[in-house]
**Q** 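This is the structure I want to talk about, given as structure tokens.
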Amino acid sequence: MFSTKLGQALLLAISIKGCSASLINTPTIPGVTFTDVQAVEHQNYSLLAENTNPEQFYDTTISFCNITLWYTHQGWNDNIAVTVWIPLTGWDGRMRGVGGSGFSVIANLNRLAPGVGNSSATVATNGGHGHNTSSADTWGLDNSSRVNFMYAQTFFAVAEAEAAVIGKSVITDMFGASPRYSYFDGCSTGGRQALMLAQQYPDLYDGILSGSPAINWASFVPGMYYPQFVMNQLQHYPYPCILDAINNASIIACDILDGAVDGIISNPYQCNYSASAAVGRTVYCKDTGKMETITESDAEVADKIWEGPKSSISNSQLWYPMSRGTSFSNIANVTNNGTAWTGAPFLIAVDWINRFVFQNANYPIAEMPASGFEDAYDLSVKAWRHVSSTDNPDLSGFQAAGGKLIHWHGLADQQIFEEGSRDYYNKCMAHDPLLREYYRFFEAPGAAHCGVSGLIPTDAMSYLIQWVEDGVAPDELPASTPDGAMKRRLCEYPKVAAYRGGNVTLESSFHCQESF
Ligand SMILES: *[C@@H]1O[C@H](CO)[C@@H](O)[C@H](O)[C@H]1NC(C)=O
Ligand SMILES: *[C@@H]1O[C@H](CO)[C@@H](O)[C@H](O)[C@H]1NC(C)=O
Ligand SMILES: *[C@@H]1O[C@H](CO)[C@@H](O)[C@H](O)[C@H]1NC(C)=O
Ligand SMILES: *[C@@H]1O[C@H](CO)[C@@H](O)[C@H](O)[C@H]1NC(C)=O
Ligand SMILES: *[C@@H]1O[C@H](CO)[C@@H](O)[C@H](O)[C@H]1NC(C)=O
Ligand SMILES: *[C@@H]1O[C@H](CO)[C@@H](O)[C@H](O)[C@H]1NC(C)=O
Ligand SMILES: *[C@@H]1O[C@H](CO)[C@@H](O)[C@H](O)[C@H]1NC(C)=O
Ligand SMILES: *[C@@H]1O[C@H](CO)[C@@H](O)[C@H](O)[C@H]1NC(C)=O
Ligand SMILES: *[C@@H]1O[C@H](CO)[C@@H](O)[C@H](O)[C@H]1NC(C)=O
Ligand SMILES: *[C@@H]1O[C@H](CO)[C@@H](O)[C@H](O)[C@H]1NC(C)=O
């Protein structure tokens, strides 16, 4: 039933006509002017390939034609590079687009290698700026300290679509045949780009794989700052070891809510553990090199972070909070600056609030007043939701185009609150009860952002290809911890992997059912 074979053979034995820029006729795109095209052949080129979904690195050797096209948007004076890597032999007839991370449209061109290694022609774009994932400091504001809407629009809504059009055109020139199927693969910002393509450019890709997507951007990105705001308001910065111990205590308390004691909270939204239960406990602390005691103030910080930001008017949730069982280390990071333990905010959240929300690179975010977080959150949503959030539940265009979408998200994502993905899928389901025919969502127990730990899908792209080309829709996705010690199938939401006995490391000890 769960064969991992890829789709049926595509075009056979089509070879590239040559690796030369002279073969390329740049496509006509309104408002776009191409400024340069280069093509360089690489035989047996060794590099460190970067997988996106999940993020994994491995050494590989590939032979490909490295094609770069530069273009500008009329009147904008931008300079965008689209890269297409084409296997020199044995092309499988497919195109694969690869997405970015954080503030980068593509984090690293070595992300093109896994596609090429699998015989696909692969495409990515830099969106006109560099590969810095953590900061938009070179492009968020213009030289008059105004938001650079041109770059923002390119980043959020345009660059990936142009890259797909350019990629298809280049591939057609190089082989004399257009790609039979096109796939997009992205995690985090790439996962948002993936959903953006399904929502806004439904004809460009046949299959879309979205991991840990940065959708709801205007809401969750300020939300990533909330833990720092809590600590600043309370003027208390727990040692990282203390927050880690509190999180561990929540795992011990809530592990059983899913029926299996496996060190993973698979049912995090039923976990109401309060850190006050851990007050007085002592832990060995690697930060101080001695035993430390969990205090009332420590517990207050953790409980406020788990509670999440609330409206001062209605007391309703502004956005989803961090869930229990999720590491505090990224967005509730605390560090010793040489003289004191203090907050070390996640740079993407600071950059967003400062540059895009307040248009002030030097906004004194650490001195935000008590009303400051809600103000920043509200302005972010009002000014940016429509450009950045990628939360339109109407996928009828994608359905009409025959596209297929696989979306997964880790239940212990320490950067992007997983409930935002669940919320989006539920809205799509409410919009179209036949959603499952073209869109399937999988929650990954214990998985951190883009899969550095927990049960992460091992081969989602193959399942997507099978769905698109053979019509076999995935009800389950195989998953594994990165070290391979634990294996389990991810169940199509809203089903869950319920324990039926046996060793929790084994796939056979769980089965998909309606609820725990
Ligand atoms: C690339 O490697 C293959 C297999 O080892 C070899 O046959 C081929 O000659 C190499 N090509 C070049 C240009 O080095
Ligand atoms: C591909 O070509 C571009 C543009 O010439 C260059 O910047 C890049 O380093 C090349 N990639 C490799 C792997 O050589
Ligand atoms: C990204 O930008 C930040 C902020 O300017 C800087 O500290 C960091 O070194 C940059 N990273 C890279 C890889 O250039
Ligand atoms: C600011 O001006 C400099 C010099 O003209 C230019 O190189 C740079 O790209 C500009 N920065 C932005 C964000 O427009
Ligand atoms: C929390 O649990 C993890 C995983 O078992 C362990 O590596 C870590 O040391 C624990 N942290 C503390 C502070 O006990
Ligand atoms: C946690 O709180 C929610 C909301 O009040 C409730 O529905 C759920 O039953 C509680 N879970 C547990 C395990 O007590
Ligand atoms: C926490 O902040 C420190 C200081 O900025 C940084 O070196 C470290 O990488 C951060 N840790 C995490 C997990 O982000
Ligand atoms: C370290 O953090 C403390 C408390 O936030 C602050 O008062 C101090 O100025 C910081 N020191 C340095 C060197 O940044
Ligand atoms: C592509 O190649 C990588 C590395 O060999 C492999 O992990 C992956 O499963 C392959 N298949 C697809 C469809 O990407
Ligand atoms: C479960 O399986 C793992 C891996 O085979 C093994 O190391 C472990 O001892 C087993 N646990 C139990 C309780 O049998």
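All ligand and atom numbering here is 1-based and tracks the order in the structure. The shown structure was predicted, so the numbers you read here are calculated from the model rather than taken from an experiment.
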**Q** Once you measure the plane-to-plane angle for Phe103 and Phe356, does it fall in the parallel (<30°), tilted (30-60°) or perpendicular (>60°) bin?
**A**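 If you compare the ring of Phe103 with that of Phe356, the planes turn out parallel.
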
**Q** Classify the ring geometry of Trp139 against His129: parallel below 30°, tilted from 30° to 60°, perpendicular beyond 60°.
**A**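 Parallel.
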
**Q** Run the numbers for me: atoms of ligand 4, each under 4.0 Å from some heavy atom of Leu141, listed by number.
**A**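 Selected atoms, number and element: 13 (C).
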
**Q** Considering only heavy atoms of Thr138, which atoms of ligand 4 have at least one such atom less than 4.0 Å away?
**A**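 By the 4.0 Å cutoff, the relevant atoms are 13 (C).
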
**Q** For Phe442, does the six-membered ring have the charged nitrogen or CZ of Arg422 within the cation-pi criterion, i.e. under 6.0 angstrom from the centroid and within 45° of the normal?
**A**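 The answer is no; the distance or angle limit is not met.
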
**Q** Between the side chains of Arg111 and Glu55, is the shortest nitrogen-to-carboxylate-oxygen separation below 4.0 Å, so that they form an ion pair?
**A**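 Salt bridge: yes.
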
**Q** Check whether any side-chain heavy atom of Asn232 sits under 4.5 Å from a side-chain heavy atom of Tyr225, and report yes or no.
**A**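 Side chain of Asn232 against side chain of Tyr225, heavy atoms only: contact under 4.5 Å found.
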
**Q** Could you tell me whether the side chain of Tyr226 reaches within less than 4.5 Å of the side chain of Phe373, counting heavy atoms only?
**A**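 With C-beta onward as the side chain, the pair touches.
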
**Q** For ligand 8, would you mind listing the residues that have at least one heavy atom less than 4.0 Å away, ordered by chain and number?
**A**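 Only Asn337, Thr339, Ala340, Thr342 have heavy atoms that fall under 4.0 Å of ligand 8, ordered by chain and number.
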
**Q** Say whether Asn132, considering both its backbone and side-chain N or O atoms, lies within less than 3.5 Å of an N or O atom on ligand 3.
**A**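 Min N/O separation from ligand 3 is below 3.5 Å for Asn132.
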
**Q** For Asp142, what residues pass the salt bridge (charged side-chain N to carboxylate O under 4.0 Å, His left out) criterion, not counting sequence neighbours?
**A**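 Salt bridge (charged side-chain N to carboxylate O under 4.0 Å, His left out) list for Asp142, sorted by chain: Arg146.
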
